[in-house]
Amino acid sequence: MRKQVHAFRRVALDAACLSLAGFTFAADQPPAFVPRRIRQHTDSATATVLVKAGQKSEHRVPRQITGKFAEHLGWNIYNGMDAQILRNPTFAHYPFWTSQMTPDGVTKFHVDDAQIDQELRRLARRFGWPDREIDSMCRARKDGLACLWTRAGRGEDVEVSPDTSPGGNRAQRIQIKRAGGGIAQWTWLPLHRVRSYEIELYVRSPDLNSLRVSLGPDDASASDVAEVVMSGLSSEWKLLRGSLEVRTNATADAQFRLAVRSEKPGQLVMGHVFLRPSDHVGGADPDVVRLLKESRLPILRWPGGNFVSGYHWKDGVGPVERRPRLPNYAWGGVEPNTFGTDEFIRFCGVVGCEPMICVNAGSGTPEEAAQWVEYCNGGPDTPMGRLRAAHGHAEPYGVKHWEVGNELWGRWQYHWTSAIGYVDRFKQFARAMRAVDSGIRLHACGAPVFWGKAWNDTLISGAAGLFDTITDHPLIGGDVDLSADPLDIYSDFMAVPEVLEQKWGHLCDNMRRAGISDPQLAVTELQLFAHLGGRSDTSQPARLTRENLPDQDSITEAIYDTLVYHAALRLAPFVEMVTHSATVNHGGGLRKERERVYANPCHYAQSLFAELAGATPVPVEIQSARQKAPRVLPELRSAVSEVEFSLVDAFGAIAADGGLLLSVVHRGTADPLRLTIQLEDFDVAGQAEIVRLTGATPWAGNSIQHPDAVVPAKSSEPINGRALALDVRPYTLLRVRVSGAR
């Protein structure tokens with residue numbers, strides 16, 4: 001059947017029957033399994049979806065279609081997935097990103113004190129810390145205290161200076177001249193969920209034997225809400241652990257000041273201070289774990305992203321207190337290496353998803369990548385397997401999916417390269433990695449199909465037979481003129497999946513022509529990107545603002561992702577997986593602010609679509625009005641001269657229990673429409689179960705103030721014979737389930 005599908009595509013192309021808006025068919029074309037037929041009509045108030053339940057595909061919906069991607073970027077992992085609460089808890093040097101890169105693809109950092117102070121103030125305000133503390137924090141940094149920390153007690157009573165821990169990392173020396181002095185940091189606590197907290201100090205002192213750790217409220221006149229005395233300090237480095245129990249009358253939505261003080265004069269050297277809620281799940285945030293488990297997350301890609309091109313995996317294994325604290329060479333800030341391979345595998349375990357590792361093919365070597373494979377998959381009798389066992393993990397992790405490099409075609413990538421240069425690198429990496437484990441799947445770094453044909457052709461011709469999939473990162477959008485209509489931006493995003501489907505189809509055909517009998521694509525980053533640009537014509541009013549921008553946090557991303565899933569599955573079995581960006585605080589997915597976690601609309605869309613995993617696709621015929629994309633997005637404008645899309649799109653499948661699953665999107669911008677769903681060759685049992693995810697505008701989304709503004713709504717609807725009629729607003733996606741008679 002696979003050959004039939006591709007043969008049919010070629011016939012359609014030759015007959016000019018493949019349009020950017022989808023397939024159209026003449027009545028005399030030969031029968032074949034075609035996932036979607038579009039029949040245009042002019043009535044924008046009605047649409048029909050005919051589901052041909054009796055015509056089943058030979059392919060199943062891959063479980064990995066709704067995967068995720070986690071990168072060491074901003075607060076995605078640290079202060080995101082990770083339950084540890086404090087900022088810069090390892091007292092590391094904190095470099096601030098300038099957004100500029102060197103010719104080798106390494107970020108440049110600020111060196112001017114005034115700029116660094118400005119960045120510190122920006123961060124502190126973003127964290128919601130008190131304004132009165134920001135100036136003292138900036139002064140403390142100039143005195144030698146690590147960024148994002150301040151003194152506890154009078155400034156003249158606490159002297160600070162940098163020092164060194166046993167691992168060679170920056171540590172913090174604190175000389176306390178008067179009882180009660182120390183260091184402090186403002187923070188938020190997840191008191192809505194838990195009141196007990198674990199505190200861990202890595203510390204030594206030549207003359208103190210105890211420290212008092214406390215949590216106090218914003219009101220300086222109020223007493224502390226929790227405290228613990230931690231004893232056992234000595235001149236040798238020690239890990240001290242204790243617990244803090246917050247009083248029940250502490251306000252859940254207040255900020256608190258964590259302070260580490262001494263009750264007598266003396267000095268100490270701190271390597272780290274970790275603060276975790278006692279309900280953490282193997283070090284992970286329990287709300288993040290719960291939401292990802294509820295979404296049936298199938299696979300998680302890590303650790304990059306751009307970050308991986310400067311990451312060396314051995315920095316992230318072994319005792320945490322001895323791991324190096326390094327600059328994040330892709331994004332700025334600190335990489336404390338407290339979340340490495342073992343923590344990633346543990347996170348996947350508690351979530352219940354499969355791990356996927358992207359290796360450093362930038363500044364890394366084939367030998368380093370091969371050792372990483374052996375660390376994860378080698379037996380305890382192998383060198384790296386013994387190292388893993390020494391770290392407490394005797395059994396191999398069995399990581400199957402390995403991606404060789406990230407976006408190495410981009411000059412923002414550490415040690416980027418040319419297409420032919422990547423082919424050379426890939427061959428070396430593939431040879432070394434497969435020598436360790438011949439059963440792994442290797443994903444080669446493709447360029448985006450919107451513009452990367454030359455790179456992909458070079459990769460296909462130069463390395464065919466060596467990789468299992470080629471990857472794509474459709475991160476589409478760009479800087480948009482401020483005079484653009486927000487609805488035009490939304491309409492462009494609704495058209496992008498149609499263009500992707502066509503270009504992915506062409507890529508598949510190119511791979512077949514190169515002799516690849518089973519071409520496969522892995523979409524390892526997916527997200528829409530629209531940014532506020534300038535105004536090219538000042539005579540036109542500025543209509544676009546941050547508040548009305550259809551972006552990753554809005555219903556637009558949810559509908560866009562669903563349309564991409566539809567497009568990917570219509571090319572079955574070509575697209576093996578999609579790993580959407582990202583888990584927490586990096587684009588769509590989950591947000592964590594002030595230690596509260598809530599979901600963006602796209603998280604719910606992915607959760608709903610995950611229900612189709614393992615189901616068998618069936619064809620749909622769609623009768624719908626069409627809409628033309630205005631092409632205000634720069635990347636869409638450069639990719640196509642014209643593109644239309646149907647107001648309604650749909651994808652249908654039969655579940656393992658015989659029920660019908662239907663994913664439907666109303667992507668128009670005008671009016672609600674009356675949607676009729678007709679079922680062919682399907683015996684209905686009971687009512688239809690409907691889940692709607694909808695926004696009043698394309699930029700509607702959730703926030704910490706209104707975390708449930710856009711959430712799924714469930715209902716049941718009667719079926720008249722084999723027809724279901726629904727009123728559907730724009731900016732809506734539906735998941736319809738109909739049980740079948742047995």
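Along the sequence shown, residues carry numbers from 1.
Side-chain N/O atoms of T107 and W97 include a donor and acceptor closer than 3.5 Å. In summary, the side chains of N600 and Q552 do not present any donor paired with an acceptor at a separation below 3.5 Å, with no hydrogens or angles considered. A donor-acceptor pair shorter than 3.5 Å can be found between the side chains of E354 and Q64. Of the N and O atoms on the side chains of W412 and E407, at least one donor lies less than 3.5 Å from an acceptor on the other residue. Side chains of T469 and H443: a donor on one and an acceptor on the other come within 3.5 Å.
E368 contributes no side-chain N or O that, together with a main-chain N or O of N360, makes up a donor-acceptor pair within less than 3.5 Å. Side-chain atoms of E71 come within 3.5 Å of backbone N or O of N306 as a donor-acceptor pair. The backbone N or O of Q84 sits less than 3.5 Å from a side-chain atom of D82, completing a donor-acceptor pair.
In summary, the aromatic rings of W313 and Y375 are positioned with their centroids under 6.0 Å apart. With ring centers used as reference points, F127 lies under 6.0 Å from W75. Residues F91 and W149 bring their aromatic ring centres within 6.0 Å.
Salt-bridge formation is detected for the pair R596/D253: a Lys NZ or Arg NE/NH1/NH2 atom is positioned less than 4.0 Å from an Asp or Glu carboxylate oxygen. A salt bridge does not link R195 to E245: none of the charged side-chain nitrogens sits closer than 4.0 Å to a carboxylate oxygen. Using a cut-off of 4.0 Å between Lys/Arg side-chain N and Asp/Glu carboxylate O, D657 and R737 are scored as salt-bridged. Note on R241 versus E200: salt bridge recorded, some NZ/NE/NH1/NH2 to OD/OE distance being below 4.0 Å.
You'll find the side chain of M384 reaches within 4.5 Å of the side chain of K314, heavy atoms only.
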